[in-house]
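All remarks here apply to the structure that follows.
Proteins get letters first, then strands, A, B, ... in listed order; numbering begins at 1 in each. Please read all numbers here as calculations on a predicted model, not as lab measurements.
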There are 2 protein chains.
Amino acid sequence: MRVVIAKCSVDYAGRLNAHLPLATRLLMLKGDGSVLIHSDGGSYKPLNWMSPPCSVSDVEVEQDQADAGITEIWKVVHHKTADMLVINIHEIFSDASHELGVDPGLIKDGVEAHLQKLLAEHIETLGEGYQLVRREYFTAIGPVDILARDENGGHVAVELKRRGDIDGVEQLTRYLELMNRDPLLAPVQGVFAAQEIKPQARTLAEDRGIRCVVLDYDALRGMADHNALF
Amino acid sequence: MRVVIAKCSVDYAGRLNAHLPLATRLLMLKGDGSVLIHSDGGSYKPLNWMSPPCSVSDVEVEQDQADAGITEIWKVVHHKTADMLVINIHEIFSDASHELGVDPGLIKDGVEAHLQKLLAEHIETLGEGYQLVRREYFTAIGPVDILARDENGGHVAVELKRRGDIDGVEQLTRYLELMNRDPLLAPVQGVFAAQEIKPQARTLAEDRGIRCVVLDYDALRGMADHNALF
DNA sequence: GTATGCATGTCGCAA
DNA sequence: TTGCGACGTGCATAC
């Protein structure tokens, strides 16, 4: 990885056109050819970038460009699309390369997939006598997170979110509408389950007869641990 | 901005829990307290990060941690949420600070507004005899991208997207529901126009009687160019 | 390879 | 602050 601190201006042409006026920035050139241009602030998103697969090449500086103060021009082209990034270097303050090696990668815990697995394994969390039919029950408009049966054998469609928002309720509503047209499934009840449910989402859901369940991730994991122990 | 190349392991606890095993990485500490942890590869997204507002502090290294090879511990805490990032430094290979100043920011030249303008100017793309009523037709729940009339004088509401997704169909459905309650407008037909329409979105749209139209941006631009020429 | 939905999404705007 | 829509969304995964 090469890290350069330089005064530069940047132009991007691809899915849109964008321009960065002259300023001092950090340029990160990664081993796979990708380039990131960061300012001292903002978020993790660079001001501008080129995603791999791509490659960087030096372009000869014309006389008029040199007169304008440009000392180097780096052209980054994407290998598959026509995306292009041109970095006009005016002054380099620092330029260092480091060998980082391959990263072992991030280990995540607590994403929706994991939550879904835990809830499916402990579907009785939703109510006594509940039984799992299957995860990712497929419909014409997408997969329902969990399909279950309640204590009376009636179908229950569960939409699972980390944060329960209005669009999650809309999603579940679409599934319910479709599934309730299927005589083999109807009537299907809806359960909106999330670690946190926004008030407006709850209002909308309950107005539509959808039950809201706030999940305790740690408690679910605790149950899993308990089962693992015994 | 401070840029550090170090062998480190990282733990994040917040919206989820995540762990980075020991490896050499780039640590970017920005002026606003935010921290980015990058590997030599991947995309513009860091392996791990903390968004501002947040602050970094040094934590004293316990004896057993020192025995494990840890020389420094940086703790990054978010000021508003309980999000926390702990960086265990084992070895620092490079540590440099640079004054970057405030960035003038990115100047974008988008394509979205342009597409709407082009379609409005060539509304007959949607069908012979179509006539533009107006762009950004305002309703109580938001502006409809384009309102037009078909060859029979009936109203047509057009929702325009670069990528036609289910969300866009929902949006248009809400508009249509509202507009069809207005005796001055009803009946209003719906047209879902995008450069690309996802199959599931198409299914949902057609199930609701909404017509799907795939737009050719280059062709529309070509028509505009042609008009500009003659 | 294409298609689909999640994301520590982030970001910006408006009410 | 919350809601809502766009993003050069990126990204993994199932088909």
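A search for salt bridge (Lys or Arg N to Asp or Glu O under 4.0 Å) contacts involving B:Arg208 returns B:Glu170, not counting sequence neighbours. With sequence neighbours left out, the side-chain hydrogen bond (donor to acceptor under 3.5 Å, both in side chains) criterion links A:Arg181 to B:Asp207. With sequence neighbours excluded, the residues that form a side-chain hydrogen bond (donor to acceptor under 3.5 Å, both in side chains) with B:Asp32 are B:Ser34.
The structure places CG of B:Leu172 at 4.5 Å from CD1 of B:Ile210, a figure rounded to the nearest 0.5 Å. Taking CG of A:Leu185 as the start and CE of A:Met179 as the end, the distance is 5.0 Å to the nearest 0.5 Å.
Residues B:Arg163 and B:Lys161 fail the side-chain proximity criterion, which asks for heavy atoms closer than 4.5 Å. Under the 4.5 Å side-chain criterion, counting only non-hydrogen atoms from C-beta, A:Val214 is in contact with A:Arg202.
D:dG3 atom P lies 13 Å from atom CD of A:Glu170, rounded to whole Å. Between B:Ile37 atom CD1 and C:dT8 atom P there is a gap of 14 Å when expressed in whole angstrom units. Rounded to whole Å, atom P of D:dG10 lies 14 Å from atom CG of A:Asp32. Regarding A:Asp167, its CG atom lies at a distance of 11 Å from the P atom of D:dG3, rounded to whole Å. For the pair B:Leu36 CG and C:dT8 C1', the interatomic distance rounds to 13 Å; values are reported in whole Å. Whole-Å rounding puts the A:Lys80 NZ to D:dG10 P distance at 14 Å. The interatomic distance linking B:Gln195 (CD) with D:dT9 (C1') rounds to 15 Å, in whole Å.
Using a 4.0 Å heavy-atom criterion, one finds that B:Leu106 contacts no nucleic acid atom at all.
Evaluation of the side chain to side chain donor-acceptor pair (under 3.5 Å) test over residues 48-57 of chain A, restricted to residues two or more places apart or in two chains, returns A:Trp49-A:Ser51, A:Ser55-A:His79.
Listed in residue order, the members of residues 203-217 of chain A having a heavy atom less than 4.0 Å from DNA chain D come to none.
With a 6.0 Å radius and a threshold of 12 heavy atoms from other residues, nucleotides or ligands, A:Glu196 has its CD atom above the threshold.
Map A:Leu47 and A:Pro52 each onto its nearest nucleotide of DNA chain D; the residue landing nearer the 5' end is A:Leu47. A residue-by-residue look at A:Gly14 and B:Gly42 shows that A:Gly14 has its nearest nucleotide of DNA chain D further toward the 5' end.
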Under 3.5 Å between N/O atoms: give me all the protein pairs with nucleotides 3-7 of chain C, atom names plus distance.
unit_1 : atom_1 : unit_2   : atom_2 : d
C:dT4  : OP2    : B:Pro199 : N      : 3.4
C:dG5  : OP1    : B:Gln200 : OE1    : 2.5
C:dC6  : OP1    : A:Lys161 : NZ     : 3.4
C:dA7  : OP1    : A:Glu112 : N      : 3.0

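Comparing D:dG5 with D:dT9, their C1' atoms are spaced 13 Å from each other, to the whole Å. D:dA6 and C:dT8 are spaced 22 Å apart, taking the P atom of each and rounding to whole Å.
Taking a centre distance below 5.5 Å and an interplanar angle below 30 degrees as the stacking criterion, B:Tyr44 does not stack against the six-membered base ring of D:dG10.
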